[in-house]
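All residue numbers refer to positions in the sequence shown, counting from 1.
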Amino acid sequence: MKATIRQGLQTLLMLLAVVLSFAAQAERKLLDQVVAIVDDDVILQTELEARINTITGRLSAQGTGLPPRRLLEERVLEQLITESVQLQMADRMGMRISDNELNETIANIAERNGLSLAEFEDQLAVEGVSYRQAREQIRQEMLTGRVQQRQVGNRVRVTEREVENYLQALESTGGNDAEYRLAYIFIELDNPADDAAVDATREKAEELRAAILDGRDFREVAVAESDASNALEGGDMGWRSERQLPSLVAPVVPELEVGIPSEVLENNSGFHMVMVMEKRGGAQKQVIQQNRVRHILIRPSEAITDTEAEATIRELSQQLQDGADFAVLARQYSDDPVSGSDGGNLGWVSPGQMVPAFEQAMQEASVGEYKGPFRSQFGWHILQVEERRQKDISTDVKEAEARQAIYRRKFETELQNWLREIRDEAFVEFKGEYADNAAEDESANAQETAK
């Protein structure tokens, strides 16, 4: 009897284990059920839940209220559908994100937020996201970003007229209006009709300017020598915007460097000087050093080893030292076809345009000196800096910023159009309750349209 009971209990436990096993499998299948088919891909319930958790965690951390659950699910699912279409496009294009690229991007994200990698992981945990999930999401965002740049970027064009209109509009609204704190010196002309007096007064003004350039304080000169009403205040004119500048100095002030007096200006009343004491707002003047450079490149290849390339460049270097013509050697020997055909000329080179080894040699070279041989990633070089200059690139920078702003605005518009296009063209089939929700929404939209 006891044996029979024992056997019955064992059988019952075995049946219970089987039932629990099936229940666990059913639960796993339920959690991993397909919620949508998107072309050749599927979106799983677990993916949807993970993205919802990420978004709700972020919004909660920011103190932002959440929409109704169903609405949130619909919006997140649509986001995943659009991402899936783009990721499939990236795969067909052969796009890949290496681990090094991904690691560098994550490190940059953490740095921009003032966090170490460990602190970044902790912050993700607060938002309910694992580091592994975050890595995958960032990888996917990098891929979709590249697809968008390739597909949408080709649609965007920025014309010169658009840049000009943008800058004019910015200026008219005061968006580019700098303010200057000015100091002023006025040397009055007693008798404008007396040429000798005019020359003497001009000479005095020029001598005062020379003294200031030699280190004498502008304000001290104003107190001692200026005939202006504000002389005892050191010539201080206070803060003036460009639109408030006196007509005589208006063309001059925007071009002045802080602390450098203007040239002596002349009108019927006498001679004038102005100096910018401080500047705020507006676009700051940006000056860079440019080098006019020419070079000869000998590139290692299947036909010539690195050792042979070095020997060739050293022979050319010796010929230059012996008086050979640089342009002739460049045309005959340089493996840079563009510059070589022009005697090695690279034109005016700005900082950052060249690879580091070339940049360093260029900066170290004296004007007229042959620098090299030295090696870069492209091969062996000799260079010569023919001339140096200081170049004000403020206008170039403003134009580039305007062009970028217009591009971003156009890109965003085109991106939204493109995302709608690829969503409409994609095959999407909803499953389970999401199919019912989609049908309800379609019916509601139809009824609203009928009204």
Side-chain angles (χ1 to χ4, degrees), residues 32-56 58-59 67-98 101-102 105-106 109 129 133-159 162 403-449:
D32 287 340
Q33 68 178 336
V34 173
V35 296
I37 299 173
V38 184
D39 290 335
D40 298 326
D41 192 19
V42 296
I43 297 174
L44 301 175
Q45 181 73 42
T46 48
E47 293 178 78
L48 178 61
E49 290 295 332
R51 181 62 63 84
I52 290 173
N53 290 338
T54 298
I55 292 172
T56 54
R58 184 179 301 127
L59 293 176
R69 175 72 183 191
R70 176 175 167 178
L71 178 59
L72 182 61
E73 288 180 348
E74 290 176 354
R75 294 194 171 185
V76 173
L77 183 53
E78 278 297 323
Q79 183 185 70
L80 289 172
I81 290 169
T82 306
E83 285 180 9
S84 175
V85 175
Q86 295 175 83
L87 290 171
Q88 290 179 70
M89 293 176 71
D91 187 60
R92 290 193 294 271
M93 294 176 186
M95 291 183 177
R96 299 290 183 270
I97 303 295
S98 69
E101 287 179 282
L102 184 55
T105 299
I106 292 173
I109 292 172
V129 183
Q133 290 173 326
R135 279 181 62 87
E136 179 60 18
Q137 188 167 338
I138 292 169
R139 184 187 71 81
Q140 292 181 358
E141 288 174 359
M142 292 173 69
L143 282 171
T144 55
R146 290 185 182 182
V147 171
Q148 291 169 8
Q149 193 60 51
R150 179 176 296 185
Q151 298 296 318
V152 182
N154 292 332
R155 300 184 178 193
V156 179
R157 295 290 182 272
V158 179
T159 67
E162 287 173 321
R403 188 177 300 278
Q404 187 62 27
I406 297 168
Y407 179 87
R408 284 196 301 266
R409 186 174 62 204
K410 285 189 167 186
F411 185 90
E412 285 302 318
T413 300
E414 287 297 327
L415 176 60
Q416 295 310 311
N417 294 336
W418 179 73
L419 290 174
R420 282 194 295 269
E421 289 173 15
I422 64 172
R423 174 62 177 86
D424 292 341
E425 293 170 1
F427 170 80
V428 179
E429 181 182 350
F430 294 99
K431 295 293 186 179
E433 65 178 286
Y434 299 99
D436 298 334
N437 292 344
E440 289 178 16
D441 292 340
E442 186 175 347
S443 175
N445 291 334
Q447 292 176 14
E448 187 65 29
T449 303

Less than 3.5 Å apart, any donor N or O on the side chain of Q88 or S84 sitting next to an acceptor on the other?
yes
Decide yes or no for Q148 and Q86: does some side-chain heavy atom of the first lie under 4.5 Å from some side-chain heavy atom of the second?
yes
Can you tell me how far CD1 of I81 sits from CG of L48, rounded to the nearest 0.5 angstrom?
9.5 Å
Between E421 and Q151, is the side chain to side chain contact (heavy atoms under 4.5 Å, CB included) condition met? List the steps.
CA-CA 12 Å; E421 289 173 15; Q151 298 296 318; over 6 Å; no
Taking only Lys NZ, Arg NE, NH1 and NH2, and the carboxylate oxygens of Asp or Glu, determine whether E47 and R51 approach each other closer than 4.0 Å.
no
I would like to know whether E49 and Q45 meet side chain to side chain donor-acceptor pair (under 3.5 Å); could you show each step before the answer?
CA-CA 6 Å; E49 290 295 332; Q45 181 73 42; 3.0 Å; yes
Are E101 and R96 ion-paired here, with the side-chain N under 4.0 Å from a carboxylate O?
no
Ignoring hydrogens, what is the shortest heavy-atom contact between Q149 and Y407? Give both atom names and the distance.
NE2-OH, 2.8 Å
Single hit among L80, V42, L77 for side-chain contact (heavy atoms from CB on, under 4.5 Å) with V35
L77
Using 0.5 Å steps for rounding, measure from the CE atom of M142 to the CD1 atom of I106.
8.5 Å
Less than 4.5 Å apart, side chain to side chain, heavy atoms only: is that true for R423 and V85?
no
Give a yes or no on this: more than 12 heavy atoms of other residues, nucleotides or ligands lie within 6.0 Å of atom CZ of R75.
no
With the side chain counted from C-beta on, respond yes when I97 and Q140 share a heavy-atom pair under 4.5 Å apart, and no when they do not.
no
With a cut-off of 6.0 Å (strictly less than), are more than 12 heavy atoms of other residues, nucleotides or ligands near CG of D40?
no
Steps toward salt bridge (charged side-chain N to carboxylate O under 4.0 Å, His left out) verdict (E162, R157)
CA-CA 10 Å; E162 287 173 321; R157 295 290 182 272; over 6 Å; no
Is the shortest side-chain N to carboxylate O distance from E136 to R139 below 4.0 Å?
yes
V156 and side-chain contact (heavy atoms from CB on, under 4.5 Å): which partner among E412, R409, E414?
E414
Rounded to the nearest 0.5 Å, what separation is found between the CG atom of N417 and the CD1 atom of I422?
12.0 Å
Working for salt bridge (charged side-chain N to carboxylate O under 4.0 Å, His left out), residues E73 and R70
CA-CA 5 Å; E73 288 180 348; R70 176 175 167 178; over 6 Å; no
Got L44 and V34 here, is their nearest side-chain heavy-atom distance under 4.5 Å?
yes
Here the gap from R155 atom CZ to L415 atom CG, rounded to the nearest 0.5 Å, amounts to 9.5 Å
CD on E83 to CD1 on I43, rounded to 0.5 Å
8.5 Å
Distance (rounded to the nearest 0.5 Å) between D39 CG and E425 CD:
10.0 Å
